[in-house]
Novice: 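Handing you this structure, nothing more for now.
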Amino acid sequence: MELFNLKDPSEVVTFSQAVQQGLGRQQGLFFPKNIPTIDDIDSLLAKPFNERSAEILGQFIGDEVDAETLQTMVNNAFQFPAPVAHIADNVYSLELFHGPTLAFKDFGARFMAQCLAQFSKKEKITILTATSGDTGAAVAHAFYGISNIDVVILYPKGMISSLQEKLFCTLGGNIHTVEIDDDFDSCQQLVKDAFDAPEIRDGLHLNSANSINISRLLAQVCYYFEAIAQLPAEKRADAVISVPSGNFGNLTAAMIAKAMGLPIKRFIAATNANDTVPRYLKTGEWQPNKTVATMSNAMDVSAPNNWPRIEALIEFGYIDKASLTGDTVDEDYTQMAVKHLNDLGYLSEPHAGVAYKALKRSIEDDEVGLFLGTAHPAKFKETVENILGTPVALPKELAECANKALLSSQLDSQFESLKAYMLKTLG
Ligand SMILES: *Cc1c(COP(=O)(O)O)cnc(C)c1O
C-alpha cells in the first residue's frame, strides 16, 4: 500500500515505512493513495470477526504482508470481542472496552505492536513514550512479551491514580516503567530530548507508539464492520454512528470503513466542551479555544491531530460532507446521560454519555443509532460513582492487578539520568 504525506504529497511511503516513521516531513500525516472498496459486503459481514478483519486489512496491506502472517497478527492483536448491546428501541452501543486496559485504544495499540514486531524483525527497537495515564497502559499491554521490542514508559510521580499505575507498572519483562519526579510536561520533554540524542535515538532504534500512526487507524476500521454485522440486517442501511471524539482517530476510522463500502448512513462527531470541530462544522471557522478539563477527560483536546485526515476524506470525495454533523454535550447533560442509561439498566461512563446524548438529540424514528462505548465504566469509577451514587465493581483483570507489586524505577527529571538508565537497562 502506498501512502502520501498530506502536507507534502511528493513524499510517498509504503505501509511498513509509515508505521515505523509515524509522521512525514513537516509533521504531515500519511494518507492512503487509494482506499480499496469491497464488492460483496454481505458475505464479508457474515464472517467471524478475526477472519473478516484480516480480509479488510489485507485490502490495504496485502502487498506487504502475506495473508497467513496477517491472520496471525490479527489473532494476536484482537483477543477480545467488540459486542453490540441493545439499549432501547432503535439505540445500540458498540462496546470497545473488553481489552486488557479497558478502552478502545487496545485495538489500535495491539495491532501496531504486531506491525512493528513484523517490520523490524532484524533489529531490536525501543518504544519510548510519556503518559498521563491511559496511553501508557494500552502501549504497555500491547507490547508486553514481544521479543525484539523494549518499552520505556515515563510518568509523573503522584499524578496518576494508583489503579492506573497498577495497570501498567506491574508487568515487568520487556516493559520498563519509570516514575519521574516532576510533572507530565517534563516527561514529554524527556522523550523529546531522547529523540534529539543520536546515542539513544539511533543506538537503541527509538520509536514512539504515537496515536496518529496509520496502523492504529486501520485496526480501528475493523470494528465498525463488526458493529454493522451485529445490527439486524434490515436496518443496516439506516445506521447512524455517534463517536465521542478527542483527537478524531475513531471518527476517521469510521469514515474509512464507509469509504470502503460499509453501509453507514451518517456520522455524529460528539464532543465535550472542547468543541472546536462542532463549531467549525457550523461556522466554517477553525478556532481552537484553550483546552478545558471535563469528566470525559480522554476527549479534552481542542486541536485534534487527526482532523486533516477527515478533511482529506471529504475533499477527495470519499465522504459526503452532508453525512457529518457535530454536537457538543456539556457536563450537566453528560451526567444526565449516564444516569438515563443507568435507568435503562445500562452502566456507562462519561465518554459514552456524551455520544449517547448527541445521538438522542439527532436520531429519527426510521434510523438505527449506534454510540461508541470507548471505555469500561470501572475505568472512570470515581466519576461514575459520584454521578450514580452507587458503587462500581472492578472487573477481574483490574481487581487482580490491584494486588500486584509496582516494578517502576524512580528518576529525577534530568535527561542525563534517563540516558544513563536507558543505556544501562537496554544497551
Ligand atoms: C482516546 C479516547 C477517546 C477519543 O478518541 P479519539 O480517537 O482521540 O477521538 C474517547 N474516549 C476514550 C475513553 C478514549 O480513551
Side-chain angles (χ1 to χ4, degrees), residues 29 82 93-112 129 131-139 141-142 160-161 164 167-168 209-224 241-257 267-278 280 288 291 293-310 313 324 326-329 334 337-338 347-359 371-381 383-384:
L29 299 175
S93 162
L94 172 61
E95 298 187 343
L96 300 174
F97 48 73
H98 297 284
T101 73
L102 310 178
F104 79 86
K105 293 192 175 73
D106 283 328
F107 285 96
R110 289 173 67 89
F111 184 65
M112 182 179 171
T129 192
T131 184
S132 55
D134 285 344
T135 307
V139 169
H141 282 262
I160 67 175
S161 81
Q164 273 178 325
L167 201 49
F168 71 98
N210 208 300
S211 70
I212 46 77
N213 199 285
I214 190 72
S215 60
R216 293 175 73 157
L217 284 185
L218 294 190
Q220 289 173 244
V221 169
C222 300
Y223 54 63
Y224 289 99
I241 299 192
S242 179
V243 184
S245 297
N247 268 322
F248 282 79
N250 231 346
L251 183 60
T252 306
M255 288 184 160
I256 293 174
F267 305 97
I268 302 169
T271 72
N272 59 30
N274 298 288
D275 62 349
T276 308
V277 166
Y280 172 71
T291 306
T294 73
M295 278 183 286
S296 48
N297 59 25
M299 289 151 54
D300 291 349
V301 180
S302 59
N305 60 16
N306 265 300
W307 187 254
R309 285 179 167 139
I310 291 185
L313 282 159
L324 174 64
D327 196 6
T328 307
V329 178
T334 302
V338 172
L347 183 63
S348 189
E349 53 74 46
H351 303 78
V354 166
Y356 172 68
K357 184 68 204 172
L359 180 67
F371 67 94
L372 304 196
T374 44
H376 193 290
K379 200 153 188 187
F380 294 90
K381 184 172 156 55
T383 313
V384 176

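Every value quoted in this text rests on a predicted model; they were computed, and no experiment measured them. We count ligands from 1, going down the list as the structure has it; atoms in each ligand are counted the same way.
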Novice: Do N213 and R216 have side-chain N/O donor and acceptor atoms under 3.5 Å apart?
Specialist: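 R216 and N213 do not have a side-chain donor-acceptor pair below 3.5 Å.
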Novice: For M299 and T294: C-alpha separation, side-chain torsions, deciding distance, then whether side-chain contact (heavy atoms from CB on, under 4.5 Å) applies.
Specialist: CA-CA 8 Å; M299 289 151 54; T294 73; 5.8 Å; no
Novice: Can you tell which part of M299 has a heavy atom less than 4.0 Å from ligand 1: side chain, backbone, both or neither?
Specialist: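 The answer is the side chain of M299.
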Novice: Taking N247 for the side chain and G249 for the main chain, is one N or O donor matched with an acceptor at less than 3.5 Å?
Specialist: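 No.
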Novice: Taking atom CG of N250 and atom NZ of K105, what is their separation to the nearest 0.5 Å?
Specialist: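 So the CG of N250 and the NZ of K105 are separated by 8.0 Å.
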Novice: If we check side chain to side chain contact (heavy atoms under 4.5 Å, CB included) with H351, which of these qualifies: T374, V338, L372?
Specialist: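 Answer after filtering T374, V338, L372: T374.
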Novice: Does any non-hydrogen side-chain atom of N274 lie less than 4.5 Å from one of P288?
Specialist: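 Contact flag for P288/N274 side chains = no.
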Novice: Which atoms from ligand 1 have a heavy atom of P244 less than 4.0 Å away?
Specialist: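 This gives 4 (C), 10 (C) as the contact atoms.
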Novice: In ligand 1, which numbered atoms sit nearer than 4.0 Å to a non-hydrogen atom of N250?
Specialist: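 Answer, ordered by atom number: 7 (O).
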Novice: Which of these, G108, A352, G246, has its nearest heavy atom closest to atom 4 (C) of ligand 1?
Specialist: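 It is G246 whose heavy atom sits nearest to atom 4 (C) of ligand 1.
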Novice: Just to be sure I'm reading this right: ignoring hydrogens, which of T135, N247, D300 gets closest to atom 8 (O) of ligand 1? Compare them by their nearest heavy atoms.
Specialist: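 Heavy atom nearest to atom 8 (O) of ligand 1 belongs to N247.
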Novice: Can you tell me which residue and heavy atom of the protein come closest to atom 11 (N) of ligand 1, and the distance to 0.1 Å?
Specialist: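 Closest protein heavy atom to atom 11 (N) of ligand 1: T374 OG1, 2.9 Å.
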Novice: Would you check if L94 and F104 make a side-chain contact, meaning some heavy-atom pair closer than 4.5 Å?
Specialist: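 The answer is no; the side chains never approach within 4.5 Å.
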Novice: Does at least one non-hydrogen atom of F104 fall below 4.0 angstrom from an atom of ligand 1?
Specialist: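 A heavy atom of F104 does come that close to ligand 1.
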Novice: Name the closest protein heavy atom to atom 15 (O) of ligand 1, giving the residue it belongs to and the distance to 0.1 Å.
Specialist: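 Result: K105 NZ, 2.5 Å.
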Novice: Run the numbers for me: atoms of ligand 1, each under 4.0 Å from some heavy atom of G249, listed by number.
Specialist: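 Answer for ligand 1: 6 (P), 7 (O), 9 (O).
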Novice: At less than 4.0 angstrom from any non-hydrogen atom of A375, what atoms of ligand 1 do you find?
Specialist: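 So the answer, numbered in order with elements, is 13 (C).
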